[in-house]
Each structure stands twice: as structure tokens, then as C-alpha cells.
Amino acid sequence: MSPHPQHDAEIPEPTAAERIGSLLTATSSVVLRAGGEQHELSTPVSVHGSRLRLRAPLDSPVTSAAAREQDGLAVVLDLTDIAPVAVRDRVRGRLTLAGRLHLAHLADDGLSVHLRLDVAHAVLSTPYGTTAITGADLAAAAPDPLARYEAGLLTHLADDHPDALAVLTRLLDPELLADRPDIRPLALDRYGLVLRLDHPHGHRDVRLVFLEPARDADEFGHRVHQLLSAAEQEPAVHRS
């Protein structure tokens with residue numbers, strides 16, 4: 001998510017490699033393409049540098065194919081990043097990742113297996129551009145500490161605190177609010193909160209930057225309260 005800034009100051013936000021690690025960490029399902037076939041797996045993804053851990057049924061075609069390939073099964077992994085809060089154009093990004101899939105070991109339940117995917121490279125496409133990274137880039141990055149909690153935090157903010165969203169709009173350039181857009185929380189990370197301004201003729205995303213990065217979900221709450229205090233005390237100040 002890279003909302004266009006309203007000024008030239010650099011806006012702190014996660015790198016593409018960090019976004020990819022966060023997207024992988026937060027997902028609960030993936031699509032694997034191998035040998036001309038497509039396989040949907042309901043599995044969490046564990047990120048260990050440039051190696052991912054997946055889980056698949058013991059009798060899955062993916063498991064069988066990986067077991068047959070001594071040097072690993074060449075696969076492509078596809079993920080779609082969908083905003084947890086209902087907005088127009090909910091797709092925030094699409095991830096395509098290539099690598100080799102290896103059979104790791106039998107799971108404790110005896111009905112599934114753990115698979116290891118060695119990442120060669122990945123491409124992340126968002127409405128703001130496309131970025132390619134290598135497995136080494138992914139290994140050097142760390143998933144955002146809020147990635148696993150983003151969906152719950154955003155839906156809580158949207159459903160239970162619409163008044164807070166109204167206050168936060170005081171931090172925006174008044175020109176952005178001229179047509180009374182619908183305001184919804186679109187994304188968050190340790191650096192800030194992204195709001196979707198939905199106008200009849202289109203939409204715009206703006207980032208509200210925290211005073212300091214949040215290290216966990218509790219600190220996210222504190223950072224939002226700091227933004228609310230700033231909005232109440234300095235209504236003319238805006239961040240984007």
C-alpha cells in the first residue's frame with residue numbers, strides 16, 4: 001500500500017519485501033501452480049527468511065509431486081491481498097512468488113505434511129506499482145509486527161469507532177473532504193494507518209503517520225490515540 005503523498009516529504013512505510021513477508025504471514029490460504037495444474041491449499045504460512053513452511057494433506061497432489069522431485073518441485077505461489085473492511089476496489093495487491101517446493105516431514109496428526117518452499121523471487125503488484133524482489137531480499141526483511149492483527153484491528157475500528165474516524169479526518173487536507181467522501185480504514189502497519197476516501201467519482205488513499213512505529217497491537221492503540229489527540233488539538237494540521 002503506497003498512497004500518494006500530498007507533499008514531497010518522505011513518508012515512512014514498509015518496504016516491498018516487508019509487505020510480502022507480512023502478506024505471507026497473515027494469510028490462511030494459498031494457490032500453488034505446478035506442472036500446469038492449480039492447487040488451492042488452506043494453510044497458514046510460516047516465514048523463515050527466504051524459506052516458507054506450508055501444510056498440505058498427505059494425499060494431496062502437491063504432496064505427491066513434491067515427494068517425487070529430489071531437487072524440489074518448481075512452483076508458483078499466488079496470493080491476493082484483500083482489504084478486510086468493505087470498500088470499493090478491495091484488492092490491495094497481488095503477490096506472485098516462484099521457488100522450489102520440498103517435502104519436509106509428516107505432521108503430528110498423521111494426515112498432513114509440512115512442505116518447505118525455497119523462494120527464488122517474488123513480484124508484488126499494487127494500484128501504485130509493481131516491485132520485484134529476490135529470495136535474499138525476503139530473507140533480509142521482517143514481517144510487520146501488526147500483520148497478524150491487521151484484519152481484526154481494522155474491522156474493530158470501522159465497526160465500533162466511526163466517531164474516531166470522523167475525528168481523524170481533521171488531520172487531512174480539507175480539500176480532500178470537499179465532496180464529503182465515505183471514510184473507511186483500508187490498511188495499517190507499524191508506521192501508520194491508511195484511510196480510503198471514497199468519492200462518487202473515485203477514491204483516494206491517504207496515510208496517517210504515527211509519531212513512532214508501533215511494536216505490537218497494544219502500541220497500535222496508543223498510536224491511534226496520539227493521532228486523535230493531535231486532531232483535536234491541531235485541527236489545521238494534516239498528514240497524508
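Within 6.0 Å of the CD atom in Q226, the count of heavy atoms belonging to other residues, nucleotides or ligands exceeds 12. The 12-atom threshold is not exceeded at CZ of R148, counting heavy atoms of other residues, nucleotides or ligands nearer than 6.0 Å. D109 CG: more than 12 foreign heavy atoms inside a 6.0 Å radius. Counting heavy atoms of neighbouring residues, nucleotides and ligands inside a 6.0 Å radius, atom CZ of R100 exceeds 12 of them.
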May I have the step-by-step check of side chain to side chain contact (heavy atoms under 4.5 Å, CB included) for R204 and L176, ending in yes or no?
CA-CA 9 Å; R204 178 164 181 168; L176 295 177; 3.7 Å; yes
Run the side-chain hydrogen bond (donor to acceptor under 3.5 Å, both in side chains) check on D216 and Y149 step by step: do they pass?
CA-CA 9 Å; D216 53 37; Y149 312 104; over 6 Å; no
Going through the checks in order, is the side chain to side chain contact (heavy atoms under 4.5 Å, CB included) test met by V45 and V30?
CA-CA 9 Å; V45 177; V30 299; 3.9 Å; yes
The test is side chain to side chain contact (heavy atoms under 4.5 Å, CB included); show your working for L101 and L32 and say whether it passes.
CA-CA 10 Å; L101 190 68; L32 283 178; 4.1 Å; yes
Mind running side-chain hydrogen bond (donor to acceptor under 3.5 Å, both in side chains) on S112 and R55 for me, showing each step along the way?
CA-CA 7 Å; S112 58; R55 193 165 177 160; 2.8 Å; yes
Intermediate values then yes/no, salt bridge (Lys or Arg N to Asp or Glu O under 4.0 Å), R19 and E13
CA-CA 9 Å; R19 292 183 196 279; E13 58 182 335; 2.7 Å; yes
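With rounding to the nearest 0.5 angstrom, the CG atom of L24 is 15.0 Å from the CZ atom of R53. Taking CG of L146 as the reference point, atom OH of Y191 lies at 11.0 Å (rounded to 0.5 Å). For the atom pair OG1 (T15) and CG (L124), the distance works out to 10.5 Å, reported to the nearest 0.5 Å. Atom CG of L193 sits about 7.5 Å away from atom CG of L165, to the nearest 0.5 Å. Rounded to the nearest 0.5 angstrom, L52 CG and L117 CG are separated by 5.0 Å. Note: H114 NE2 to S46 OG = 10.0 Å, rounded to the nearest 0.5 Å.
In terms of modelled atom types and a separation under 3.5 Å, the side chain of D163 and the main chain of A166 share no donor-acceptor contact. Side-chain atoms of T80 never come within 3.5 Å of backbone atoms of R94 as a donor-acceptor pair (strictly under, hydrogens ignored). For R196 (side chain) and R88 (main-chain N/O), a donor-acceptor pair under 3.5 Å exists by modelled atom type. Between the side chain of E40 and the main chain of V31, no donor-acceptor pair closer than 3.5 Å is present.
What you find for L157 and A164 is that their closest heavy atoms are CD1-CB, 4.5 Å. Across all non-hydrogen atoms, the minimal contact from P84 to T155 is O-CG2, 3.8 Å.
Taken together through direct or relayed side-chain contacts under 4.5 Å among Ile, Leu, Val, Met, Phe, Trp and Tyr, V91 and L186 form parts of separate hydrophobic clusters.
The side-chain heavy atoms of I183 and L197, taken from C-beta on, include a pair separated by under 4.5 Å. Side-chain contact check for E18 versus L138: every heavy-atom pair is 4.5 Å or farther apart. Side-chain atoms of V76 and L97, non-hydrogen and from C-beta on, never get closer than 4.5 Å to each other.
Salt bridge present: D118 and R116 bring a charged side-chain N and a carboxylate O closer than 4.0 Å. A salt bridge is absent between D218 and R223: the closest approach of a Lys/Arg side-chain nitrogen to an acidic carboxylate oxygen does not fall below 4.0 angstrom.
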